[in-house]
Amino acid sequence: MAKYEIIGGTPLEGSVTISGAKNAAVAILPAALLVEGVCRVENVPDISDVRILLEILRDMGVRIQEEGPGVLRLDATHITNRCPNPELVRKMRASYYLMGALLSRFHQADVALPGGCNFASRPIDQHVKGFAALGADVEETDDYVYLREGPDGLHGSRITLDVVSVGATINIIMAACLLPGQTIIYNAAREPHIVDLANFLNTMGARISGAGTEVVKIWGVERLRGGSYAIIPDQIEAGTYLAAVAAVGGNVLVQNVIPKHMDCITSKLQEMGVSIINYDDAIRIRSTGKLHHTTVKTRPYPGFPTDMQAQICVCMTLASGISRLTENVYETRFFGYCTELQSMGANILITGKTATVTGTKQLKGATVCAHDLRAGAALIIAGLAAQGTTVVENIHFVERGYERLVEKLTALGANIRRIDD
Ligand code: EPU
């Protein structure tokens, strides 16, 4: 098992370029199954979740060519196998998007239940409710979902989500794309990657409006044709570098970002005393490493993202006074990293869905274990800020979602190396 060794205490200086958004890429690549023709996709991050997805698609007969770094050509015109490999599907979360894509294109889908980061119970009842409303017969077993065209055929429908779900919103958009009639999703999630997926599909000939609002409308079309599309920059990768600079101190230009997507994160960092300057597609952050306490409550977009909970928590452990961090999306998410941070000297008390964090002057290096992707990112930030050496184990979680992490941090002056056991 590989690990990172970090010697903390060096301020971060220079510039870092953010990669394409993981959570957009893992939706857009399965969406290529809806298209008869070549989809050219730019800004595809080279991360393990994307590699697994490409392996699943290749195995189904999708022709995939790499045109250059981060630029792929996918052609799903002739699918030879409609059943995604269950072992690969179970290795990641977003493989559930194969359900919506296959249902829409082939009117049936047999897909294993997904795996991925297990920081909480992650039901898919809202996805299933959406498929059923679109006319699918759904059979669920312990480890598989089988979707078939129901007796009245597949058709557009009105669906109100009971919880704001990114995955269900995306899956229903995909499923409705090629079905006759209009579908309306009420209480839809509004994350930037939902807008990105809708823009991708519209570029390929779909008719989707309202993505990025609570009501998304999809008018089914007969077929999607090929086209070219560039994935947006990764909001959470950018937020992770911003949190790292805030905690460690330094002066960094974070390039290839959409500053508007970052407002929910940068406004909190500013409250903590960090200087932020927004440019058209970059953000400059300056931090002395001396932070003020704050209050953060995670919410669906445009609220503070749950995927930044762990990283902001590290900033809170180093801030003056008492901060409060409330998790409203995945209540059990604290358990993936708080014990590890405590072993580095952090003072965190968890009561229900709120962590009370009393700032300390200095974290100290320790050997810690990543239990999921963002927990791992937080431990790396803690290691960069800590005195002494930190070893972060289980880094395969981190490599799911951060492209060339060691290279990017090293270029900022960090002392981090990957060790293969
Ligand atoms: N939920 C249900 N039923 C459903 C779906 C969701 O009750 O059918 C609940 C969940 O339990 C959770 C809330 O609704 O409490 C929101 O879940 P959502 O469906 O939005 O999460 P997701 O689509 O499974 C995506 C991201 C996660 C991110 C969440 C929340 C992808 C591939 N994953 O997951 O990203 O935490 O949205 O923003 O897009 C990560 O990148 O590290 C990551 C975990």
Side-chain angles (χ1 to χ4, degrees), residues 19-31 45 47-50 52-53 89 91-100 113-133 138 140 145 159-175 185 187-197 214 231-232 234-240 261 264-265 298-311 326-334 336-337 353 370-378 396-403:
S19 302
K22 168 182 94 83
N23 288 343
V26 297
I28 285 173
L29 297 175
I47 50 178
S48 67
D49 266 10
V50 162
I52 295 168
L53 208 38
V89 165
K91 284 188 177 174
M92 62 180 299
R93 191 77 204 156
S95 50
Y96 53 30
Y97 294 138
L98 296 163
M99 296 178 196
L113 283 171
C117 288
N118 273 333
F119 45 74
S121 133
R122 299 179 76 184
I124 58 162
D125 57 297
Q126 298 301 303
H127 306 230
V128 167
K129 167 179 155 165
F131 300 144
V138 184
E140 285 183 86
V145 175
I159 299 148
T160 302
L161 296 179
D162 303 322
V163 288
V164 178
S165 160
V166 172
T169 304
I170 288 180
N171 234 340
I172 297 168
I173 291 175
M174 288 214 219
I185 309 172
N187 199 28
R190 293 179 279 166
E191 268 65 5
H193 38 288
I194 294 173
V195 180
D196 210 35
L197 185 263
E214 285 163 20
I231 292 175
I232 53 168
D234 196 306
Q235 177 206 30
I236 305 299
E237 188 198 9
T240 301
H261 293 169
C264 43
I265 300 165
T298 68
R299 298 252 177 237
Y301 190 81
F304 188 92
T306 174
D307 290 345
M308 281 297 299
Q309 180 224 93
Q311 301 89 315
T326 302
E327 174 56 49
N328 289 309
V329 182
Y330 292 111
E331 286 186 20
T332 50
R333 209 165 185 174
F334 291 123
Y337 66 95
K353 59 182 191 173
H371 295 292
D372 66 69
L373 166 61
R374 308 303 172 187
H396 63 278
F397 281 117
V398 178
E399 293 176 349
R400 275 189 179 160
Y402 290 90
E403 186 178 51

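What you see is a predicted model, and the numbers here were worked out from it, not measured in a lab. Keep in mind that the numbers below use all heavy atoms, side chains included, and drop hydrogens, waters and symmetry copies. All ligand and atom numbering here is 1-based and tracks the order in the structure.
- The ligand atoms of ligand 1 that sit less than 4.0 angstrom from a heavy atom of Gly167 are 19 (O), 23 (O).
- Taking any N or O of Val166, backbone or side chain, at least one lies under 3.5 Å from an N or O belonging to ligand 1.
- Side chain of Gln309 to backbone of Gln311: no donor-acceptor contact under 3.5 angstrom is found.
- With hydrogens left out, the protein atom closest to atom 19 (O) of ligand 1 is Ser165 OG, 2.6 Å, a heavy atom.
- Ligand 1 has at least one atom lying under 4.0 Å from a heavy atom of Pro123.
- Summary of contacts: the protein heavy atom closest to atom 13 (C) of ligand 1 is Val329 CG1, 4.0 Å.
- Residue Lys22 has at least one heavy-atom neighbour below 4.0 Å for each of these atoms of ligand 1: 40 (C), 41 (O).
- A distance-only check finds no donor-acceptor pair linking the side chain of Asn187 to the backbone of Thr160 [under 3.5 Å].
- A side chain to side chain donor-acceptor pair (under 3.5 Å) with Thr306 holds for exactly one of Arg299, Arg333, Arg374; it is Arg333.
- Among all non-hydrogen protein atoms, the one lying nearest atom 21 (O) of ligand 1 is Tyr330 OH, 2.8 Å.
- Gln126 contributes a side-chain N or O that, together with a main-chain N or O of Asp162, makes up a donor-acceptor pair within less than 3.5 Å.
- In this structure, atom 14 (O) of ligand 1 lies nearest to the protein heavy atom Val163 CG2, 3.7 Å.
- In terms of heavy-atom proximity, Val50 sits nearest to Ala25 at CG2-CB, 4.1 Å.
- Within ligand 1, counting atoms from 1 as listed, the ones closer than 4.0 Å to a heavy atom of Leu373 are 42 (O).
- Scanning the protein heavy atoms around atom 3 (N) of ligand 1, the nearest turns out to be Asp125 OD1, 2.8 Å.
- For the atom pair CD1 of Ile173 and CD1 of Ile185, the computed distance is 5.0 Å after rounding to the nearest 0.5 Å.
- Checked by atom type and distance alone, the side chain of Gln235 pairs as donor or acceptor with a backbone atom of His261 at under 3.5 Å.
- Under a 4.0 Å criterion applied to the non-hydrogen atoms of His127, ligand 1 contributes the atoms 8 (O).
- At a 4.0 Å cut-off, not a single heavy atom of Glu331 sits close enough to ligand 1 to count as contact.
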Donor-acceptor pairs under 3.5 angstrom involving side-chain atoms of residues 188-197: please list them, not counting sequence neighbours.
from	atom 1	to	atom 2	distance (Å)
Glu191	OE2	Tyr301	N	3.0
Asp196	OD1	Tyr229	OH	2.5
Asp196	OD2	Ile232	N	3.1

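- A side-chain donor-acceptor contact under 3.5 Å links Asn171 to the backbone of Tyr96.
- Ligand 1 is approached by Val164 to a heavy-atom distance shorter than 4.0 Å.
- Less than 4.0 angstrom separates some heavy atom of Asn23 from each of these atoms of ligand 1: 26 (C), 31 (C), 32 (C), 33 (N), 35 (O), 39 (O), 41 (O).
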side-chain contact (heavy atoms from CB on, under 4.5 Å) assessment of Ile172 paired with Ile159: CA-CA 9 Å; Ile172 297 168; Ile159 299 148; 3.7 Å; yes

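- Ligand 1 has no atom lying under 4.0 Å from any heavy atom of Arg299.
- Judged by the shortest distance from any of its heavy atoms, Tyr96 lies inside the 4.0 Å radius around the atoms of ligand 1.
- With ligand atoms numbered from 1 in the order given, ligand 1 contributes 36 (O), 42 (O), 44 (C) to contacts under 4.0 Å with heavy atoms of Arg333.
- Atom 35 (O) of ligand 1 has its closest protein heavy atom at Asp307 OD2, 3.0 Å.
- The protein heavy atom nearest to atom 34 (O) of ligand 1 is Arg122 NH2, 3.3 Å.
- Listed by number with element, the atoms of ligand 1 under 4.0 Å from a non-hydrogen atom of Gln126 are 3 (N), 4 (C), 8 (O).
- Residue, atom and distance of the protein heavy atom nearest to atom 41 (O) of ligand 1 are Arg374 NH2, 2.8 Å.
- Listed by number with element, the atoms of ligand 1 under 4.0 Å from a non-hydrogen atom of Thr306 are 30 (C), 36 (O), 38 (O).
- Using cut-offs of 30° and 60° on the angle between ring planes, the pair His127 and Phe131 is perpendicular.
- Scanning all heavy atoms of the two residues, the minimum distance from Pro30 to Leu53 falls at CD-CD2, 3.9 Å.
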Residue pair Ile236, Tyr402: steps toward the side-chain contact (heavy atoms from CB on, under 4.5 Å) verdict: CA-CA 9 Å; Ile236 305 299; Tyr402 290 90; 4.2 Å; yes

